[in-house]
Amino acid sequence: MIDLKALRDDPARFRDGCARKGVAVDLDRVLALDAQKRQHQTRAQELKAEQNRVAKESGPQIGRLQGQLKSAQGPERDRLAAEIDALKARPAALKAEISDLETRVNAIEPELAALLLTVPQPPDQDVPVGKGSEDNIEIRRWNPPGFDSRAGFAASRGFNPKTHLDLVRDLGLADFERGVKIGGTRHYVLTGDGARLQHAILRYAHDFMVDRHGFTPLTVPVLVREEMMVGTGFFPAGREQAYHIEEVRRGGGYDVFLTGTGEVSLMGFHQDEILDEAALPLKYVTVSTCFRREAGAAGKDTAGLYRIHQFEKVEQVVICRADEAESRAWHARMIGFVEELLQSLGLPYRLLQCCTGDLGVKNADMVDIECFMPGRGEPGPDGRPRGAYGETHSASRLYDYQCRRLNMRYRPGGAGGQGPTVVCHSLNNTVAASPRILIPLLEIHQNADGSVSIPGPLRPFMGGRERLG
RNA sequence: GGAGCGGUGGCCGAGUGGUUGAAGGCGCCGGAUUGCUAAUCCGGUAGGCGGGAUAUUUCCUGCCUCGAGGGUUCGAAUCCCUCCUGCUCCGCCA
């Protein structure tokens, strides 16, 4: 959520942000509602102050007179009762007008709040303007020694690659038919070494963040309340992407939603808290099951392990002080962690600077990381896939947009320090998402004999084996 | 699922209708004292939202908030209702 005061001070900045993100939000309506609300609120407050003043005077008097009333008799008693009634009537006269104004404020509030949630965070000025993913800009790419993603797999390795679908079938690593039988479309079952390989990559990625980079591991709920989805910025925009468990319809107190990323619970962990500045930055990592409806993606990436409804993901978040330079530095660092991880696994990748149209409402900046997948992409003249990069990671920089929604603040000047609280900054990035990451892992490390070499870092989690098949 | 007890400021914890937005403690900040440190003493220290002044530093002022929302009342942290939530016991169970 944006800062309403910032919008009042500089509407042009937010209009420009909407334009660059290609989002249509009626900011004039927001400003108008805000102005009306404050006008009514101010008036109501003035009257309320008057009422309080009157009540403060008459309250103790009433108490005193009522005490006298108990022991009074005859005409004295009547006189006291009348005096009490007169005192009681004074603040009551203001009540109707106040309540009328409050009704008006209450009528404005829901629309204002709902609208405010849809106002996007303006993209940073150094984010290239564009409409969608087609306008994203490659920052750099990395290849392991002896591999050239531009030339392609065959040129680099001397044989034609199988796709991950072939490898998975030939090595018995996944069962799609039965997955669909059990869970429906876009479901799968990892079998045998496939299941084991997934555990290996998740465990490696998790330990990598904890042991090498000092992140605190958390296990988190994947079934969360709506407030968490709103607070983290996934709702209302992404409501259609989340599975919705309608507990209220069954007599429960509230509905819950399945999270599409561990980010939701990692960020929600400190919702409504005033954090100790000395504890910042908070660095959390989790491995969680992620659920996505993939609404609107019908017919897209229907085959294989690329786009499915349920997967496992190691996710990293950082919550830091409200400082742009610090935010930017963490963003770079969090991307660096992933580069280090991918390089240790020998997976070619590239970094993409996402353009303004691809950021989503909550991000000021986003960098995607794509791994090279030899079995992906349009077929070449020989009918085989040319190989293509596919998104495996996404690193977001949100400033205070998410933490404002979550009401996560800290007090500058240390614990118990003076001065106003400040909304924290937050960032997040994938560490590894599986089974999607298995696609490049299998395809890149396949051998001419149909086997797949296991990268060194994963071997401890695979019983020490060096290859599959 | 049944029964009971709770939810108060950064933290702990008093408070059952009228100067209580809230005792006390911890923590923290400022000051005093102490030849360092510890200890001691004094003072300060909730958040949100408005309005005004002003050197973008800061000051003044009002309203709201004692889990959330509604109600009773002239007046609610305190009484009533609903919901959320924590703990304990029983039942069931991975």
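What you are looking at is a predicted structure, and each value in this text was computed from that prediction instead of being measured.
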Could you tell me how far apart [X] ([atom1]) and [N] ([atom2]) are, to the nearest whole angstrom?
| X | N | atom1 | atom2 | answer |
| --- | --- | --- | --- | --- |
| E109(A) | C64(B) | CD | C1' | 11 Å |
| D272(A) | U8(B) | CG | P | 14 Å |
| D255(A) | C84(B) | CG | P | 12 Å |
| N407(A) | G67(B) | CG | C1' | 14 Å |
| Q271(A) | C84(B) | CD | C1' | 13 Å |
| I108(A) | C49(B) | CD1 | P | 18 Å |
| Q41(A) | G48(B) | CD | P | 15 Å |
| E226(A) | C83(B) | CD | C1' | 16 Å |

Please determine whether a side-chain nitrogen or oxygen atom of [X] lies at a distance below 4.0 Å from atom OP1 or OP2 of [N].
| X | N | answer |
| --- | --- | --- |
| R409(A) | G48(B) | yes |
| R38(A) | G51(B) | yes |
| R225(A) | U85(B) | yes |

Which base sits across from [N] as a Watson-Crick or G-U pair, both distances under 3.5 Å?
| N | answer |
| --- | --- |
| A46(B) | U65(B) |
| C5(B) | G86(B) |
| U57(B) | none |
| U19(B) | none |
| A14(B) | none |
| A76(B) | none |
| U40(B) | A32(B) |

| request: Pick base, sugar-phosphate or nothing for R8(A), based on heavy-atom distances below 4.0 Å to the nucleic acid. | output: sugar-phosphate

How would you label the contact of K5(A) with the nucleic acid (heavy atoms, under 4.0 Å): base, sugar-phosphate, or nothing?
-> sugar-phosphate

Could you tell me how far [M] sits from [N] if I compare only their [atom1] atoms? Round to whole Å.
| N | M | atom1 | answer |
| --- | --- | --- | --- |
| C66(B) | U78(B) | C1' | 10 Å |
| A23(B) | U16(B) | C1' | 16 Å |
| G4(B) | G51(B) | C1' | 49 Å |
| C26(B) | C80(B) | C1' | 36 Å |
| C64(B) | G6(B) | C1' | 26 Å |
| C90(B) | C83(B) | C1' | 25 Å |
| G15(B) | G69(B) | C1' | 24 Å |
| U61(B) | G70(B) | C1' | 31 Å |

Axial cation check for [Y] ring with [X], 6.0 Å and 45° limits:
| X | Y | result |
| --- | --- | --- |
| R293(A) | F291(A) | no |
| K362(A) | F234(A) | yes |
| R225(A) | F257(A) | no |

message = Taking the basic N atoms (NZ, or NE/NH1/NH2) and the acidic carboxylate oxygens, is any pair closer than 4.0 Å for R212(A) and D207(A)?
response = no

Is a salt bridge present between R328(A) and D126(A), judged by a nitrogen-to-oxygen distance below 4.0 Å?
yes

In short, V189(A) meets G179(A) closest at the heavy-atom pair CG2-CA, 3.8 Å

| query | Side-chain donor-acceptor pair under 3.5 Å between E312(A) and T289(A), yes or no? | reply | yes

When Y254(A) and T42(A) are each assigned the nearest nucleotide of RNA chain B, the 5'-most assignment goes to T42(A)

Nearest-nucleotide check on RNA chain B, I274(A) vs V422(A); residue mapping nearer the 5' end is I274(A)

